Amino acid sequence: MSESKSKVDSLREWVVEHKLRAVGLLWLSGITGSIAYNWSQPRMKTSVRIIHARLHAQALTLAALAGAAVVEYYDHKTGAKHDKYAKYFPIEDFNKDSN
């Protein structure tokens with residue numbers, strides 16, 4: 001019997017496969033949420049609201065990129081990357097050429 005993946009595992013797998021898309025989605029949601037929050041502040045100029053939204057989204061993007069780097073490091077450390085690309089570069093083919 002095979003175990004079904006949990007939601008966290010399937011989400012993690014999607015993020016590993018689509019790192020840039022995940023960072024872009026986080027940026028988009030960050031800027032949208034920040035604009036929505038800043039629009040609720042009554043005594044702020046529109047230009048200040050946009051600047052604050054951009055700064056919040058930029059901070060979220062940097063955090064997402066750092067998270068993607070941690071995931072990449074973890075995959076490299078555990079050997080998950082090796083298993084993923086091993087089918088494209090079989091070791092046996094390289095050993096035959098060297099003999």
Side-chain angles (χ1 to χ4, degrees):
M1 295 172 99
S2 66
E3 295 180 29
S4 62
K5 293 181 184 177
S6 68
K7 287 185 179 184
V8 173
D9 288 337
S10 62
L11 178 66
R12 183 188 165 283
E13 186 176 306
W14 185 87
V15 169
V16 166
E17 291 294 321
H18 304 95
K19 286 180 189 81
L20 292 178
R21 188 174 292 170
V23 170
L25 287 173
L26 187 64
W27 175 84
L28 185 62
S29 65
I31 202 159
T32 304
S34 184
I35 285 175
Y37 172 74
N38 286 329
W39 234 261
S40 69
Q41 304 301 315
R43 295 184 189 122
M44 238 189 222
K45 291 173 69 176
T46 303
S47 60
V48 174
R49 290 175 179 162
I50 292 171
I51 290 170
H52 282 187
R54 185 192 61 83
L55 290 174
H56 293 144
Q58 189 173 6
L60 276 173
T61 302
L62 287 174
L65 287 173
V70 167
V71 168
E72 190 73 23
Y73 175 77
Y74 176 76
D75 285 347
H76 180 72
K77 190 93 168 162
T78 59
K81 279 282 192 195
H82 179 287
D83 296 339
K84 180 179 177 182
Y85 296 115
K87 64 182 174 186
Y88 298 114
F89 300 107
I91 299 297
E92 295 81 26
D93 292 345
F94 292 115
N95 289 337
K96 279 194 272 183
D97 293 340
S98 63
N99 289 335

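In this text the structure is predicted, and so the values were computed from the model without any measurement.
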As a quick check of understanding, evaluate side-chain contact (heavy atoms from CB on, under 4.5 Å) for Asn38 and Met44, giving each step before the final call. CA-CA 8 Å; Asn38 286 329; Met44 238 189 222; 4.3 Å; yes
Using only atom types and a distance under 3.5 Å, with no angle test, would you say the side chain of Thr61 pairs donor to acceptor with the backbone of Ala57?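 Present.
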So does Gln41 get a backbone contact from the side chain of Arg49, meaning a donor-acceptor N/O pair under 3.5 Å?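 Yes.
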Applying side-chain contact (heavy atoms from CB on, under 4.5 Å), run through Thr32 and Trp27 and close with a yes or a no. CA-CA 8 Å; Thr32 304; Trp27 175 84; over 6 Å; no
Could you state the interatomic distance from [atom1] ([X]) to [atom2] ([Y]), rounded to the nearest 0.5 Å?
X     : Y     : atom1 : atom2 : value
His18 : Glu13 : NE2   : CD    : 10.0 Å
Ile51 : Thr46 : CD1   : OG1   : 11.0 Å
His56 : Arg54 : NE2   : CZ    : 11.0 Å

Closest non-hydrogen atom pair, Gly30 against Leu60: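 Looks like CA-CD1, 3.4 Å.
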Linking I/L/V/M/F/W/Y whenever any side-chain heavy atoms sit under 4.5 Å apart, do Trp39 and Leu28 land together?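 In one cluster with Trp39: Leu28, yes.
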Do the non-hydrogen side-chain atoms of Leu11 and Lys7 ever get within less than 4.5 Å of each other?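 Not touching, per the 4.5 Å side-chain cut-off.
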Are side-chain heavy atoms of Ser34 and Tyr37 found at a separation under 4.5 Å?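 When only atoms from C-beta onward are counted, Tyr37 and Ser34 do not touch, as no gap falls below 4.5 Å.
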